[in-house]
Structure formats: C-alpha cells, structure tokens
Amino acid sequence: MTHDPLGPAAYIGEILAELAKTIDARAGDDPSASWTAKLLAGGPALTAKKLGEEGVEAALAVASQSDGEVAKEAADVIYHLLVALRSRGVTLDQVAKVLADRQG
C-alpha cells in the first residue's frame, strides 16, 4: 500500500480494495471463527440487517458524538457495506463505475 503524506484519504481506494480482498478470503472460513464468515453465511438478509444497524449508529454519531466516534462508525458502515456487497456478488468495480458515470 502506498503511503502519502496527505494521509489515508489519499489512498482510500487501495484501503477499500485490500479490505474487499480480505472479506473475499474470509468468505469460506468457519463462521464460528470469523465475524465476516458468520455474516456471509447468513446471506444477504443478515448482512443487510447488520448494515442497517451500523447505518443507524453512524447517523446517531453524526448527530451527537465526537468526530472520532463518527469516524469509527463510518468505518463500521463501510466494512459492513463491503460484506453486504460480497453477499450479493456486487464488486467494488461495479460501484466505482456507477459513481464515475454519475460524475458525468
């Protein structure tokens, strides 16, 4: 991973890609030994439920908690979103294409 003096935001794409690879690698693990494997074993319904819970926690943090807590909750949302995407077979490349298309 490249480190930029501007900080992690300068290479967020690399961080997300590595996280997605880790999630993919854990997909076949024993659900009792891996939170990621447990979520994926539950399928899209479980990953959607957990993503929703994390989204609410992030929204509450934005409304009334410290910036540090907001960042932690945002990280949780991103992780759970990537797990939910994996449970549906949707890739980061697909999401990136939609975002790029929206930029015009």
Side-chain angles (χ1 to χ4, degrees):
M1 188 176 320
T2 304
H3 291 280
D4 189 293
L6 299 176
Y11 55 97
I12 189 72
E14 291 178 40
I15 293 169
L16 293 176
E18 285 300 314
L19 181 55
K21 286 181 191 175
T22 300
I23 291 166
D24 287 345
R26 292 188 182 159
D29 288 354
D30 178 359
S32 67
S34 166
W35 174 244
T36 300
K38 181 177 181 174
L39 286 171
L40 291 170
L46 179 59
T47 61
K49 179 179 181 267
K50 190 60 184 169
L51 177 59
E53 291 171 3
E54 295 298 337
V56 169
E57 290 176 12
L60 293 172
V62 167
S64 64
Q65 295 180 14
S66 70
D67 290 351
E69 285 301 311
V70 171
K72 289 177 187 176
E73 293 299 339
D76 287 348
V77 168
I78 290 169
Y79 161 76
H80 286 90
L81 175 60
L82 291 177
V83 174
L85 290 172
R86 172 63 165 80
S87 76
R88 288 294 310 267
V90 176
T91 67
L92 275 178
D93 285 341
Q94 288 172 282
V95 174
K97 182 178 181 335
V98 171
L99 291 171
D101 288 348
R102 289 181 180 176
Q103 286 185 331

Worksheet item: Only one of I23, V83, L51 forms a side-chain contact (heavy atoms from CB on, under 4.5 Å) with L39, so which one is it?
Response: V83
Name each donor-acceptor pair under 3.5 Å that joins a side chain in residues 59-74 to protein atoms two or more places apart or in another chain, with its distance.
from : atom 1 : to  : atom 2 : distance (Å)
S64  : OG     : L60 : O      : 3.3
S66  : OG     : E69 : N      : 3.2

Practice prompt. First locate atom OG1 of T47, then atom CG of L82, and finally report the distance between them rounded to the nearest 0.5 Å.
Written response: 11.5 Å
Item to complete: Please name the pair of heavy atoms, one in L92 and one in L16, separated by the smallest distance, quoted to 0.1 Å.
Response: CD1-O, 3.6 Å
Worksheet, complete the sentence: Residues passing the salt bridge (Lys or Arg N to Asp or Glu O under 4.0 Å) test with R26, sequence neighbours excluded, are none
Practice prompt. Taking all heavy atoms of A41 and all of P31, pick out the closest pair and write down the distance.
Written response: CB-CG, 3.9 Å
Discussion item. Closer than 3.5 angstrom, by distance alone: can the side chain of E14 be matched with the main-chain N or O of Y11 as a donor-acceptor pair?
Written reply: no
Worksheet entry | Reported OG1-to-CZ distance for the pair T36 and R86, which is rounded to 0.5 angstrom | 10.5 Å
Discussion item. Would you compute the distance between atom CG of L19 and atom CD1 of I15 and round it to the nearest 0.5 angstrom?
Written reply: 9.5 Å
Worksheet item: Hey, what do you get for CG (L81) to CG (D76), rounding to the nearest 0.5 Å?
Response: 12.5 Å
Worksheet item: side chain to side chain donor-acceptor pair (under 3.5 Å) between T91 and D93: does it pass, once the steps are laid out?
Response: CA-CA 5 Å; T91 67; D93 285 341; 5.0 Å; no
Worksheet item: Any link between L46 and V56 through a network of hydrophobic side chains (Ile, Leu, Val, Met, Phe, Trp, Tyr) touching at under 4.5 Å?
Response: no
Worksheet item: Looking only at heavy atoms, what is the nearest atom pair of E54 and V77, with distance?
Response: O-CG2, 3.4 Å
Item to complete: Indicate yes or no: at least one non-hydrogen side-chain atom of Y79 is less than 4.5 angstrom from one of K50.
Response: no
Practice prompt. With rounding to the nearest 0.5 Å, note down the distance linking NZ in K97 to CZ in R102.
Written response: 11.5 Å
